[in-house]
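Encoded as structure tokens, the structure appears first; notes follow it.
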There are 2 protein chains.
Amino acid sequence: MKPIEETHLYREIHQQPALIRELVSVPQEPIKALAKQIKDRGIKHVFIAARGTSDNAGRYAKYLLGAHNRMVVSLAAPSLFTIYRQPPELTNTLVLGISQSGKSPDIVSVLKEGQNQGALTAAITNYPESDLGKAANIVLDLQAGQELSLAATKTYTSQLTTLAILSAALDDEAQTQEDLKMLPDKIDLIFENEAAIDDLAERYRYMTHCVTIGRGFNYASAFEFSLKLKELTYTIAEPYSSADFLHGPVALMDRGFPAFVIAPEGKMNAEMKMMVEKVQNRLAEVILISNQPDLLKMVDHSIRLPAGIPEWLSPILAILPAQMFAMYLAHTRGFDVDNPRGLNKVTETW
Amino acid sequence: MKPIEETHLYREIHQQPALIRELVSVPQEPIKALAKQIKDRGIKHVFIAARGTSDNAGRYAKYLLGAHNRMVVSLAAPSLFTIYRQPPELTNTLVLGISQSGKSPDIVSVLKEGQNQGALTAAITNYPESDLGKAANIVLDLQAGQELSLAATKTYTSQLTTLAILSAALDDEAQTQEDLKMLPDKIDLIFENEAAIDDLAERYRYMTHCVTIGRGFNYASAFEFSLKLKELTYTIAEPYSSADFLHGPVALMDRGFPAFVIAPEGKMNAEMKMMVEKVQNRLAEVILISNQPDLLKMVDHSIRLPAGIPEWLSPILAILPAQMFAMYLAHTRGFDVDNPRGLNKVTETW
């Protein structure tokens, strides 16, 4: 088997610090232009079309643009456009397509409908010249370079960072700009944990199923962690918000059931603590990704995040150890991390 | 163990034909009043707050109000209201709370915020006098009688039926009224299959995990079936749209992996057929809930739905055999179907 360092996935995971540093350091004129259009038109609704990993970036946008910019974000049901052919009315709405390749036909069709209705359309993509890019009034280029691994990593964090810069451009506050500037240094700190993450993955060599749990801003992280575990390691991994999890599915947990909990410091602290307690009462095994000392001391297995991360940016950081964990787990299982079975790079769904 | 016929769950599942017949036969004045308000105010956005089973009713609303009424439906992130305290701007939006009990504090807080902002608020609940009912301009009473089983069944189909009547009142077309009238007779036909469903459940006595798949209108059905399997039988059951499933998670499937596919006749026919083929190529086991002869002859295990169901009403019918399946599976496993472990009737999430 190829050494992990020689895989595309490993290289792309390790390109993330430099890519994010570039995104937050260099002025992103198209993002500013989009923010200006949103403000000038008084747009308060965002309609996002995306699939797979990009849909998880949409989940982040829902919380971020909601909490920081008071926008109502709706995740599109693309089949309303492509199969039922009954698109909703999108006037005075930002129609935002998020797609690494810019090629998914159902995502493109949502943007085209937005254009036909005269809505403001924007695309977040790694390929500005793609069909999606062409259907957008404003294209936000991820500038992530070609992603050769089938599992998306660097394009996901570039999508989140792009959304974070957009939110900051909309709210125009000095603090959010400061927050963005410190992001790259925090990312570097996360990679110092890599050997420990590799070690931890060994323990889960024979894990067949698990849940991933996050809430608020990190609801998206639970979904993206789950997707990486499914794509790369073929583990049955179901994502939950802690609120939904406690309402029913907690009944699934029995002794040793693995629950990956993503809980960086923030307003969800008390709630996540209560949730960890309830899960542990069922004798389940909690694996925590966090920087909260009170939470960390409750569990035996954890990946420590650096201190002092603003909650709204935490999903960009918290997903990095999750990506590495999934990669090392796949590798220790002897799987080809660059070409997982059953995956295509472009989602050809209609 | 108590005979299944003496459980609340069995009784409540069997109350559904009469309850739905009543809902569609008797003029529902509050629904008409709500439709009038939506039209008079020119409202095109719906913001739905719900948890658990009620959230699945919200998923149905997203497709239904989208496809039939061209409304943009956003499923709320209640934590934006309760924990981050940054509610979005809801003016000119219908804020709709769906809750069996009407007591979930986070759902109530979304409606209160809607009221404070001067939005039109409505509640779909079994308890019009609840806090949720009090926070609503218009209350749509489910009229389902007390639900004593912890797992929701009759309140779910009453919620769907209420939403269907609302959609029909908004579009004002003779055909949708006709469709609604034939619903009760179709429901009676489904219960003729009950013994076969009981037999089928036996086969899955030792199933530990599965996926449930639906798309379009029946995306909600996949979620609700999954939730019943989790709540009642403690099976790890993850819901998917066929589009998302084929984009990655299909890689999980190996020989015998159970995939419950809900595919009543409709515009998704070709797509569901392709999906069943792909799943069967992986030697997985498809259990089909459908009335499409071409799909049914592809599989060895199925629950047959009556012919001639309008697609937009099919989620009300397709969930009934799924509820029965989960009940009989729980019973054959020796579980208490009325008091599943880890469940409370009221979701006390903040």
Side-chain angles (χ1 to χ4, degrees), chain A residues 44-45 47 51-52 55 62-63 65-68 70-75 77-80 83-84 86-91 93 106 208-209 215-216 219 227 230-231 234-238 241-244 246-254 267-268 271 282 340-344 347 349-350, chain B residues 44-45 47 51-52 55 62-63 65-68 70-75 77-80 83-84 86-91 93 106 208-209 215-216 219 227 230-231 234-238 241-244 246-254 267-268 271 282 340-344 347 349-350:
Chain A
K44 283 291 164 190
H45 283 94
F47 191 77
R51 287 248 179 243
D55 202 25
K62 180 162 183 159
Y63 279 85
L65 300 177
H68 282 201
R70 301 200 60 200
M71 298 180 89
V72 177
V73 179
S74 185
L75 302 180
S79 64
L80 289 180
I83 296 182
Y84 294 110
Q86 294 286 355
E89 283 193 22
L90 297 168
T91 40
T93 295
D106 54 350
T208 56
H209 56 263
R215 204 178 163 196
Y219 185 54
L227 189 58
K230 285 187 270 204
E231 289 176 341
Y234 317 128
T235 306
I236 299 164
E238 192 168 4
S241 89
S242 49
D244 293 329
L246 292 178
H247 179 231
V250 68
L252 294 180
M253 311 289 287
D254 48 17
K267 290 195 175 152
M268 290 293 175
E271 156 131 1
R282 303 198 66 89
R341 66 186 195 218
L343 262 194
N344 295 311
T347 320
T349 318
W350 288 268
Chain B
K44 283 291 165 191
H45 284 93
F47 192 79
R51 286 249 179 243
D55 202 24
K62 180 163 184 158
Y63 279 85
L65 300 177
H68 282 201
R70 301 201 61 201
M71 300 180 87
V72 176
V73 178
S74 186
L75 302 179
S79 64
L80 289 180
I83 296 182
Y84 294 110
Q86 293 287 353
E89 283 193 21
L90 298 168
T91 40
T93 295
D106 54 351
T208 56
H209 56 264
R215 204 178 164 197
Y219 185 54
L227 188 58
K230 284 187 270 205
E231 289 176 342
Y234 317 127
T235 306
I236 298 164
E238 191 169 4
S241 89
S242 50
D244 293 330
L246 293 178
H247 178 233
V250 67
L252 294 180
M253 312 287 289
D254 49 17
K267 291 195 174 151
M268 291 292 176
E271 156 132 359
R282 303 198 66 89
R341 65 187 195 216
L343 263 194
N344 296 311
T347 320
T349 318
W350 288 268

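Chain naming here is simple, since letters A, B, ... match the order of the sequence lines and numbering starts at 1 in each. Fair warning: this is a prediction, and the values are worked out from it, not measured in the lab.
- Atom OH in B/Y63 sits 14.0 Å away from atom CD in A/Q86 (nearest 0.5 Å).
- No other option in B/P78, B/P88, B/G66, B/P87 has as many heavy-atom pairs under 4.5 Å with chain A as B/P88.
- Using a 4.5 Å cut-off between heavy atoms, B/Y84 touches chain A through backbone and side chain atoms alike.
- A/L65 contributes atom CG, which lies 10.5 Å from atom CG of B/L80 (distance to the nearest 0.5 angstrom).
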Under the side-chain contact (heavy atoms from CB on, under 4.5 Å) rule, what do A/S79 and B/M268 come out as? Steps first, then yes or no, please. CA-CA 9 Å; A/S79 64; B/M268 291 292 176; 3.5 Å; yes
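- Distance check: A/I236 CD1 to B/E238 CD gives 9.0 Å after rounding to the nearest 0.5 Å.
- Interface check for chain B: of the options A/T91, A/T235, A/L227, the most heavy-atom pairs under 4.5 Å are formed by A/T235.
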Does the pair A/I83 and B/R215 meet the rule for a side-chain contact (heavy atoms from CB on, under 4.5 Å), with working shown? CA-CA 11 Å; A/I83 296 182; B/R215 204 178 164 197; 3.8 Å; yes
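- Contact of B/S241 with chain A is made through the side chain alone, with heavy-atom distances under 4.5 Å.
- For the pair B/V72/A/E89, no side-chain contact is recorded, criterion being any heavy-atom separation below 4.5 Å from C-beta on.
- In this structure, B/H45 and A/H45 have parallel ring planes: the angle between them is below the 30° cut-off, well short of the 60° mark.
- A donor-acceptor pair is defined here as one N or O able to donate and one able to accept, closer than 3.5 Å; such a pair exists between the side chain of A/K62 and the backbone of B/L75.
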